[in-house]
Number of protein chains: 2
Amino acid sequence: MTESELPMALRATYLALHRRTDARFAPYGVTADQFVLLATLARRGTPTQREIARHMPSDPSTVRAMLALLEERGLVQRDRHPTDLRARTATLTTAGKRKFQQLMKAGEPIRAEMVDSLQPNEVEMLVKLLRKVAASLNTERVSVG
Amino acid sequence: MTESELPMALRATYLALHRRTDARFAPYGVTADQFVLLATLARRGTPTQREIARHMPSDPSTVRAMLALLEERGLVQRDRHPTDLRARTATLTTAGKRKFQQLMKAGEPIRAEMVDSLQPNEVEMLVKLLRKVAASLNTERVSVG
DNA sequence: TATTGTTATACTCTATAACTATA
DNA sequence: TATAGTTATAGAGTATAACAATA
């Protein structure tokens with residue numbers, strides 16, 4: 001097994017997931033990445049844009065662009081933070097919550113398919129290994145030039 | 001463990017890899033995706049654009065755009081296929097081969113970091129599990145509406 | 001001084017549809 | 001008829017830098 005098989009396998013699997021999800025969500029007018037943003041709001045309630053960016057993870061200006069798009073479509077509402085006047089919070093509108101529920105349901109077969117392709121203990125193992133790798137990639141490193 | 005942890009862990013890990021790789025390759029003026037294309041040419045020699053698209057995997061028009069970009073920069077050369085006059089082949093130029101070698105070397109610490117974060121048998125297991133999931137996601141399915 | 005967000009800007013990747021040339 | 005590629009076009013995500021407002 002060569003060293004590049006891991007990155008390539010990771011890429012191939014993720015891209016397959018991403019394309020399947022995009023195709024599945026297209027009739028709802030939402031991309032896979034937008035779904036992740038909606039899911040972040042569904043889970044976290046009323047985070048600031050900064051918190052969203054950290055959580056996705058993504059860049060603040062990317063998050064801003066995505067939120068502006070979703071706000072235009074009535075799925076998301078942005079407000080001033082109650083105490084920190086620099087910050088803006090975002091939250092799902094009623095339409096946004098409904099859309100998110102539809103997407104969760106529409107995506108269910110894809111998630112089931114992934115999980116069903118493995119034994120239950122293998123799913124657990126895969127998640128554990130992925131998190132170990134992610135942690136190592138996200139570790140702050142001293143630049144060696 | 002909920003069902004969505006697997007897709008989310010997969011996404012988080014891949015994005016971490018992608019961002020690290022993009023940052024690492026930026027001084028060379030090449031993106032992570034362009035590197036995958038160069039690696040495809042390095043491995044397969046003189047494939048047609050169609051073959052590249054299948055292998056990456058990507059869309060023929062995306063591949064065309066990427067190849068045009070890389071050709072402009074002198075890393076790739078495109079020619080007519082010797083027997084199928086519809087087809088175009090692509091291959092690395094001398095500069096492209098050199099650039100690919102540099103990138104392989106520059107990317108080595110990232111690949112090593114991923115592999116070193118796991119036991120050897122865990123690396124093998126992870127690749128195996130990723131491929132099983134990818135296979136299930138790529139299976140042709142009958143549309144159920 | 002540091003942080004949050006905005007704006008302007010640019011690049012890359014993605015993908016569909018209509019088209020030409022060839023098999 | 002089907003396939004390989006091109007072109008036009010559009011949308012989406014990414015990210016940097018300069019900036020204003022606030023902490």
Side-chain angles (χ1 to χ4, degrees), chain A residues 11 14-38 40 46-73 75-76 78-90, chain B residues 11 14-38 40 46-73 75-76 78-90:
Chain A
R11 179 177 190 275
Y14 171 73
L15 285 184
L17 169 64
H18 195 263
R19 293 211 165 89
R20 281 288 301 281
T21 306
D22 266 351
R24 190 78 183 184
F25 289 170
Y28 301 88
V30 171
T31 67
D33 290 312
Q34 289 165 4
F35 171 72
V36 173
L37 204 167
L38 295 178
T40 302
T46 312
T48 64
Q49 297 190 174
R50 212 70 178 190
E51 286 164 354
I52 297 168
R54 263 197 301 274
H55 189 260
M56 290 203 48
S58 189
D59 187 89
S61 78
T62 302
V63 168
R64 194 257 170 200
M66 292 179 76
L67 283 175
L69 199 69
L70 294 170
E71 190 175 35
E72 229 181 297
R73 293 178 190 168
L75 302 179
V76 157
R78 285 190 296 166
D79 298 290
R80 287 281 166 207
H81 189 280
T83 61
D84 186 339
L85 293 187
R86 296 170 306 179
R88 269 167 170 254
T89 60
Chain B
R11 179 176 190 276
Y14 171 74
L15 285 184
L17 168 64
H18 195 262
R19 292 211 167 88
R20 282 288 302 279
T21 306
D22 266 350
R24 191 78 183 181
F25 289 170
Y28 301 89
V30 170
T31 67
D33 291 314
Q34 288 165 5
F35 170 72
V36 173
L37 204 167
L38 296 178
T40 302
T46 311
T48 65
Q49 298 190 174
R50 212 75 179 184
E51 286 164 354
I52 297 169
R54 262 196 302 273
H55 188 261
M56 290 205 46
S58 189
D59 187 271
S61 78
T62 302
V63 168
R64 196 257 169 200
M66 294 178 74
L67 283 174
L69 198 70
L70 294 170
E71 189 175 36
E72 229 179 297
R73 295 179 190 168
L75 302 179
V76 156
R78 286 190 295 164
D79 297 290
R80 287 281 167 204
H81 190 280
T83 60
D84 185 341
L85 294 187
R86 297 170 306 178
R88 268 167 171 255
T89 61

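Everything numeric here is computed off the predicted structure, so don't read it as measured data. Each chain gets a letter, A, B and so on, in the order the sequences are listed, and its residues count up from 1.
- Going from atom CG of L17(B) over to atom C1' of dT14(D) covers 16 Å, rounded to whole Å.
- Judged by distance alone, with hydrogens and angles left aside, the side-chain atoms of D22(A) form a donor-acceptor pair with the main-chain N or O of A32(A) at under 3.5 Å.
- Backbone-only engagement by D84(A) is indicated by non-hydrogen atom pairs under 4.0 Å involving sugar-phosphate atoms exclusively.
- Here dT3(D) presents its C1' atom at 14 Å from CZ of R80(B), a figure rounded to the nearest Å.
- Across all strands shown, R54(B) has no heavy atoms under 4.0 Å from either base or sugar-phosphate atoms.
- Under a 3.5 Å cut-off, the side chain of R11(B) and the backbone N or O of M56(A) do form a donor-acceptor pair.
- In this pair, F25(A) and Y28(A) present their aromatic rings perpendicular. The plane angle is above 60°, beyond the 30 to 60° band.
- The side chain of T62(B) sits closest to dC13(C) out of dA23(C), dC13(C), dA23(D).
- One finds no side-chain N or O of R88(B) lying less than 4.0 angstrom from the OP1 or OP2 phosphate oxygen of dT22(C).
- Here S58(B) reaches the OP1 or OP2 of dT14(C): one of its side-chain N or O atoms lies under 4.0 Å away.
- R64(B) has a side-chain polar atom (N or O) that falls below the 4.0 Å cut-off from OP1 or OP2 of dT7(D).
- Heavy-atom distances to DNA chain C give each of E51(A) and D59(B) a nearest nucleotide, and the one nearer the 5′ end belongs to E51(A).
- Side-chain atoms of D33(B) and T31(B) form no donor-acceptor pair, as typed in the model, at a separation below 3.5 Å.
- Distance L67(A) CG to dT7(C) C1': 16 Å, rounded to the nearest Å.
- Residue Q34(B) contributes atom CD, which lies 11 Å from atom P of dT14(C) at whole-angstrom precision.
- Going from atom CZ of R50(A) over to atom C1' of dG5(C) covers 7 Å, rounded to whole Å.
- Residue R78(A) places at least one side-chain N or O under 4.0 Å from the OP1 or OP2 atom of dT6(C).
- Taking for each of R86(A) and Q49(A) the nucleotide of DNA chain C with the nearest heavy atom, the 5'-most of the two is the partner of R86(A).
- Remark: side-chain polar atoms of E51(A) are paired, donor with acceptor, to backbone N or O of T48(A) under 3.5 angstrom.
- Of the candidate nucleotides dT4(C), dA12(D), dG5(D), dA12(D) has the atom lying nearest to any side-chain atom of T31(A).
- Remark: C1' of dT14(C) and CG of L69(B) are 14 Å apart, rounded to the nearest angstrom.
- Rounded to a whole Å, the CE atom of M66(A) is 18 Å from the C1' atom of dT6(C).
- For the OP1/OP2 pair of dT14(D) and a distance below 4.0 Å, the side-chain nitrogens and oxygens of S61(A) include no atom meeting the criterion.
- Annotation: the span from R50(A) atom CZ to T89(A) atom OG1 amounts to 15.5 Å, rounded to 0.5 Å.
- Distance L85(A) CG to dA20(D) P: 19 Å, rounded to the nearest Å.
- The residue among T83(A) and T48(B) whose nearest nucleotide of DNA chain D is located toward the 5' end is T48(B).
- Looking at heavy-atom distances under 4.0 Å, T89(B) makes no contact with the nucleic acid at all.
- For the OP1/OP2 pair of dT14(D) and a distance below 4.0 Å, the side-chain nitrogens and oxygens of R19(B) include at least one atom meeting the criterion.
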